[in-house]
Novice: 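Structure incoming, see below.
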Amino acid sequence: MSTLVIVESPTKARTIRNFLPSTYRVEASMGHVRDLPSSAEEIPEAVKGEKWAQLGVNVEADFEPLYVIPKDKKKIVKELKDALKDATELILATDEDREGESISWHLLQILKPKVPIKRMVFHEITREAIRDALTHCRDIDNRVVQAQETRRILDRLVGYTLSPLLWKKIAWGLSAGRVQSVAVRLLVRRERERRAFRQGSYWDLKALLEKGKISFDAKLVTVGNVKVANGSDFDENTGQIIAGRLVLLLNEDQARALLSRIQNKPWTVSNLEERPVTRKPSPPFTTSTLQQEANRKLRLGARETMRIAQSLYERGFITYMRTDSVHLSEQAITAARSCVQELYGSEYLSPQPRKYTTKSKGAQEAHEAIRPAGSTFRTPQQTGLDGIDFRLYDLIWKRTVASQMADSRQTHVTVLTQVEDAGFRSSGKRIDFPGFLRAYVEGSDDPNAALEDQEVILPALKVGDKPNCKDLQAVGHETQPPARYTEASLVKMLESEGVGRPSTYASIIGTIVDRGYAKLIANALIPTFTAFAVTTLLETHFPDLVDTGFTSRMEQTLDEIATGEAKWLPYLQKFYTGEMGLATQVKEQESQIDAKVARTVILENITAKVCIGKYGAYLESENEEG
DNA sequence: CAGTGAGCGAGCTTCCGCTTGACTT
């Protein structure tokens, strides 16, 4: 009598093995075990001649998918088959999400078990949770499986129909896809904004004031009750003040003239405002937020972050690292709260345990948030880790602990000071109670952003006070173009639009760099001319597909398929073979797209045109001498 | 007659998402 349990990850298998009686054998499938053929060599001889073989989907036979066992999974499948021979029962314990349900179904298709089968799901890897799950097994949900197959087939149809069009019209070996083309388009749109950006410049005054031996900064904000222009008053496309804004734009001469006019005149505090502010801690890490913070704070790329997190996971330091959930189990909340209690004292605990819920589009929540493993958290020092492993664990530990800490209470102070007809403003921040800021301060994509946990001290002032002016300077400023995407900000954007999944964020960036759509220079993703050409073609002829809304609409339909409200076949038919379907559109548009035009990128302010050739981009100049 | 080279045709590139090692640069 023995039971074979199959999970997705070998680390998970190892852990669960300890919670089950010795008659249970636990093995890992290592993710998917079958897929559409990834290259020509995976297409079986029997169907090689068929015209749909390359696509891997028989569109004319109700979109029947051609599933094969990839080369690197043959060994796993053989091992699972052997393990099943000795079993009297099979339990499929893959993750409880769309892909996990599908993996279980594929396992059944391949293993063809003669013994009874059960589907088991659990969200926490504790002895109690596993034992409990064993007594609450269910059947495979075929509708969820169909939703996954629909997703898989649709992605194949998009990629393998649009990519060949790009080979014909732009260059060999290019690619398009539901996810990557949206990512590339985001980079291209930002670059267009940057090219359209016109710099504006303005001047203002900066004063260093002093009262009772405490000095503080003040910045010019009004002259004669008219607001002085700052960066936010400029139109990005003209470099001029936005039409209709009643602001005073100072140039260098005017700023210096004002300076000499008010120099040595008395300063008077004209207004004081104090405002209480509370700040809440950020939720625990998901894959996306971990990648963002590791990029901002540790300067790690998404791939590297995942590699380190994987190794921490395998050694039992953290929970699973590919997740879209911010949920913490009861034991995790208890562990985090006892860390707070021990290290900072009970006044630093949030009065009630904080429960976070996931808001991002399309989240499937098969796992917990990323947190220190176990029912008590080892402090970073207790782990014995060092180097980058230590720093990443430290980040995860702090974020998790902080998520159960009290709000930070601060007082923001604004002081207005008048000298002649010029008004100056000073901003102060007093931290009345640091709360979670003691443990963790979230990073920012904006290098100029003020640090959340730093006080800005102003002296005690009251209206009518006359601070001394120790220094007064005219300062020139220039408006800045919108920043290029970093790995962190691209992942953040994709996640918020529901595009891509935790297991793919890092590889999306890899794909667009490998295909020559972007270069990663000094943490900035810079789109290439090829990216411009491809994006322009797709936007012109297939605008729906490169819209970020495409994935959310698809997800909605997949959810309906999973609940039985919608049928997968009519959806695919409409999407692909219908009158406005993709196959139909590609066929129709193909003759209309001029390859010479598609290969040419026209940029403002450059007399030459950029063309995409066999070996990359080259310049084509209008005047022959060029 | 043998060696050369133009021209033709066949086969291939490509998607997203799940999971690790095995592999090369």
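Each chain gets a letter, A, B and so on, in the order its sequence line appears, and its residues count up from 1.
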Novice: How about A:His327 and A:Tyr356: are their ring centres within less than 6.0 Å of each other?
Specialist: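 Centroid separation for A:His327 and A:Tyr356: 6.0 Å or greater.
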Novice: Assign A:Val158 to base, sugar-phosphate, or nothing according to its heavy-atom contacts below 4.0 angstrom with the strands shown.
Specialist: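 A:Val158: no heavy atom of the nucleic acid under 4.0 Å.
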Novice: By nearest atom, which of the nucleotides B:dC15, B:dT19, B:dT13 is closest to the A:Ala40 side chain?
Specialist: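 In terms of side-chain proximity for A:Ala40, the closest of B:dC15, B:dT19, B:dT13 is B:dT13.
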Novice: Output the single nucleotide from B:dT14, B:dG17, B:dT20 whose closest atom is nearest the side chain of A:Arg178.
Specialist: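 The closest nucleotide is B:dG17.
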Novice: Does NZ or CZ of A:Arg190 come closer than 6.0 Å to the centre of the six-membered ring of A:Tyr485, within 45° of the ring's axis?
Specialist: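 The answer is yes; both the distance and angle limits are met.
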Novice: The side chain of A:Gln54 is closest to which nucleotide in this list: B:dT20, B:dT13, B:dG17?
Specialist: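 Closest nucleotide to the A:Gln54 side chain: B:dT13.
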Novice: What's the closest nucleotide to the side chain of A:Pro10 if the choices are B:dC15, B:dC18, B:dG21?
Specialist: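 Nearest nucleotide to the side chain: B:dG21.
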Novice: Counting side-chain heavy atoms from C-beta on, which of B:dC12, B:dC15, B:dG17 comes nearest to A:Arg156?
Specialist: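 Selected nucleotide: B:dC15.
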Novice: What's the spacing between A:Gln331 CD and A:Leu328 CG if we round to 0.5 Å?
Specialist: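 So the gap between those two atoms works out to 10.5 Å.
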Novice: Does the A:Gln148 side chain pair with the main chain of A:Glu101, one donor and one acceptor, at a distance under 3.5 Å?
Specialist: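 No; zero donor-acceptor contacts below 3.5 Å.
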Novice: A:Arg515 side chain: which of B:dC18, B:dT14, B:dC12 is closest?
Specialist: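 Nucleotide nearest to A:Arg515's side chain: B:dT14.
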Novice: Considering heavy-atom distances to DNA chain B, does A:Arg14 or A:Asp155 have its closest nucleotide positioned more toward the 5' end?
Specialist: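 The 5'-side residue here is A:Asp155.
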Novice: What's the closest nucleotide to the side chain of A:Glu8 if the choices are B:dT19, B:dT20, B:dC16?
Specialist: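 Nearest to the side chain of A:Glu8 among the choices is B:dT19.
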